[in-house]
Protein chains: 2
Amino acid sequence: MPKVGMQPLRRKALIDATILAIGERGSLDVTMSEIAGRAGVSSALAHHYFGAKDDLLEATMRYLLTELNADARLALRAAQTPLQRVSAVVAVNFSEKQFRSETIAAWLAFYVEAQKSQALRRLLRVYARRLHSNLMSGLAPLLPPAQAERAAETIAALIDGLYIRRALRDGLPDAATAVALVEAYLANLPLGTKGRA
Amino acid sequence: MPKVGMQPLRRKALIDATILAIGERGSLDVTMSEIAGRAGVSSALAHHYFGAKDDLLEATMRYLLTELNADARLALRAAQTPLQRVSAVVAVNFSEKQFRSETIAAWLAFYVEAQKSQALRRLLRVYARRLHSNLMSGLAPLLPPAQAERAAETIAALIDGLYIRRALRDGLPDAATAVALVEAYLANLPLGTKGRA
DNA sequence: GTTTTTGTTGATTGATCAGTCAATAAAAAA
DNA sequence: TTTTTTATTGACTGATCAATCAACAAAAAC
């Protein structure tokens with residue numbers, strides 16, 4: 001069976017399997033055997049390609065982050081106004097692709113693990129910084145600095161909170177509701193007061 | 001050493017130790033031995049008083065929930081106006097006692113575990129419902145039903161989100177900042193429009 | 001003063017898993 | 001064709017831990 005050039009395929013399959021497994025179990029307490037089994041290979045092979053379990057988990061998280069970032073870049077490119085930039089960032093976080101229960105469960109599990117793992121904590125910090133700067137790119141032109149800062153923090157917290165809530169009760173709130181909540185928050189902000197405050 | 005009437009003391013000590021241990025590890029991957037050790041007893045005794053590990057974890061979570069609820073009741077009793085009720089609920093969630101890193105880490109860990117455990121999920125649902133109804137008791141007199149509903153959801157999500165963010169980077173945002181964020185959200189709501197919308 | 005109840009532990013068991021390794025086999029390079 | 005590289009696994013090891021249990025001790029009940 002062994003053909004050459006399997007490495008990238010196997011790695012991808014293992015990462016996908018990891019997300020799936022974590023999503024179903026709802027935690028990082030997934031065995032290498034289960035992940036490997038899902039990917040159709042032996043656990044030894046998973047170790048062969050990733051080394052330790054932690055490395056596989058880190059690679060998985062890095063993958064999620066990369067995907068999210070790619071989506072965000074795309075969405076931001078299409079935005080024409082500052083407000084549209086903010087909406088775009090929000091929309092991406094609740095898009096079909098990102099707001100799926102497996103993905104969310106994985107995020108949540110990684111958040112928890114980050115309290116233990118230096119490496120994961122670093123990755124999450126990168127994510128947090130990117131989210132913040134993406135939000136600020138839309139908010140800064142619309143609000144005085146301090147208020148823009150606060151709005152960015154609020155939206156970020158709102159996103160995290162809605163993710164958690166979604167992870168818990170299965171399916172609620174759905175993506176549309178989540179977006180509506182954040183948009184309602186935006187609608188109440190005193191936008192366009194940058195100079196005046 | 002064995003005196004009589006140890007049961008309640010041991011149980012309390014074990015629950016405290018559990019919170020401490022989870023808070024430090026940042027996850028529920030804490031051994032019975034470590035918990036027991038912290039409480040100054042053997043792991044066998046922990047099993048003696050709580051049965052399985054899951055039971056101890058459940059009892060711990062129930063304890064956190066009870067404490068939070070007691071605090072909320074007290075705070076609500078002091079509130080005079082609807083808006084004060086909302087602020088009181090928010091304040092309790094970010095109070096010195098609740099917004100401590102161990103407590104928060106424990107909450108977060110329980111959130112994750114709830115995806116696996118039926119029992120924990122049930123407990124969290126109780127918490128969610130109580131929070132919601134507490135918030136609504138203040139919001140309902142101030143906003144049209146749909147908007148009050150949405151505001152309650154938003155505040156609840158904000159609280160969860162701020163908890164998560166606090167758990168991750170150690171200490172940020174602090175309690176005062178967290179409260180300020182939520183209060184700023186409240187300040188922008190079109191309160192007092194109950195009849196008009 | 002014997003018996004029962006309550007408190008407590010050390011030692012042990014059994015299961016689970018991450019990680020290793022030697023062995024196998026196909027493909028590619030020599 | 002031989003050798004090396006890449007892909008792959010089954011079997012094993014070692015560590016960790018939840019859970020059990022027999023045994024001991026102090027207090028309370030009898």
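Just so it is clear, the structure is predicted and the values come from calculations on it, not from any experiment. A, B, ... follow the sequence lines: proteins, then strands. Residue 1 opens every chain.
Look at CZ on B:Phe50: it is 16 Å from C1' on C:dT8, rounded to the nearest Å. Rounded to whole angstrom, the span from the CG atom of B:Leu9 across to the P atom of C:dG7 amounts to 10 Å. If you take CE of A:Met6 and P of D:dT9, they are 12 Å apart, rounded to a whole angstrom. Remark: P of D:dA7 and CZ of A:Arg11 are 12 Å apart, rounded to the nearest angstrom. To the nearest angstrom, P of D:dT16 lies 14 Å from CD of B:Glu34. Rounded to whole Å, atom P of D:dT6 lies 10 Å from atom OH of A:Tyr49. As rounded to whole Å, 18 Å separates atom P of D:dC24 from atom NE2 of B:His48. In this structure, B:Ile35 places its CD1 atom 11 Å from P of D:dA19, rounding to the nearest Å.
Note on A:Arg10: a side-chain N or O is less than 4.0 Å away from OP1 or OP2 of D:dT8.
Out of D:dA18, C:dG19, C:dT9, the shortest distance to the side chain of A:Ala52 is found at C:dG19. Closest contact between the side chain of B:Leu45 and the listed nucleotides D:dT9, C:dT9, D:dA18 involves C:dT9. Distances from the side chain of B:Ser42 to the nucleotides D:dT6, D:dA18, C:dT9 place C:dT9 closest. With D:dA19, C:dA18, D:dA7 as the candidates, the nucleotide lying closest to the side chain of B:His47 is D:dA19. Distance from the side chain of A:Lys53 is smallest for C:dA18 among the nucleotides C:dA27, C:dA18, D:dA19. Picking from C:dA18, C:dT9, D:dT9 the nucleotide with the shortest atom distance to the side chain of A:Ala44 gives D:dT9.
A residue-by-residue look at A:Met32 and B:Ser43 shows that B:Ser43 has its nearest nucleotide of DNA chain C further toward the 5' end.
Residue contacts for A:Gly51: at a heavy-atom cut-off of 4.0 Å it reaches no nucleic acid atom on any strand shown.
Between B:Arg121 and B:Gln115 the shortest heavy-atom distance is NH1-O, 3.3 Å.
Ion pairing between a basic and an acidic side chain is recognised when a charged N comes within 4.0 Å of a carboxylate O; B:Arg166 and B:Asp174 show no such pairing. Taking the charged nitrogens against the carboxylate oxygens, B:Asp16 and B:Lys12 do have a contact shorter than 4.0 Å, which makes a salt bridge. Taking the charged nitrogens against the carboxylate oxygens, B:Arg100 and B:Glu96 have no contact shorter than 4.0 Å, which rules out a salt bridge. Classification of A:Glu153 and B:Arg165 as a salt-bridged pair holds, one side-chain N sitting under 4.0 Å from a carboxylate O.
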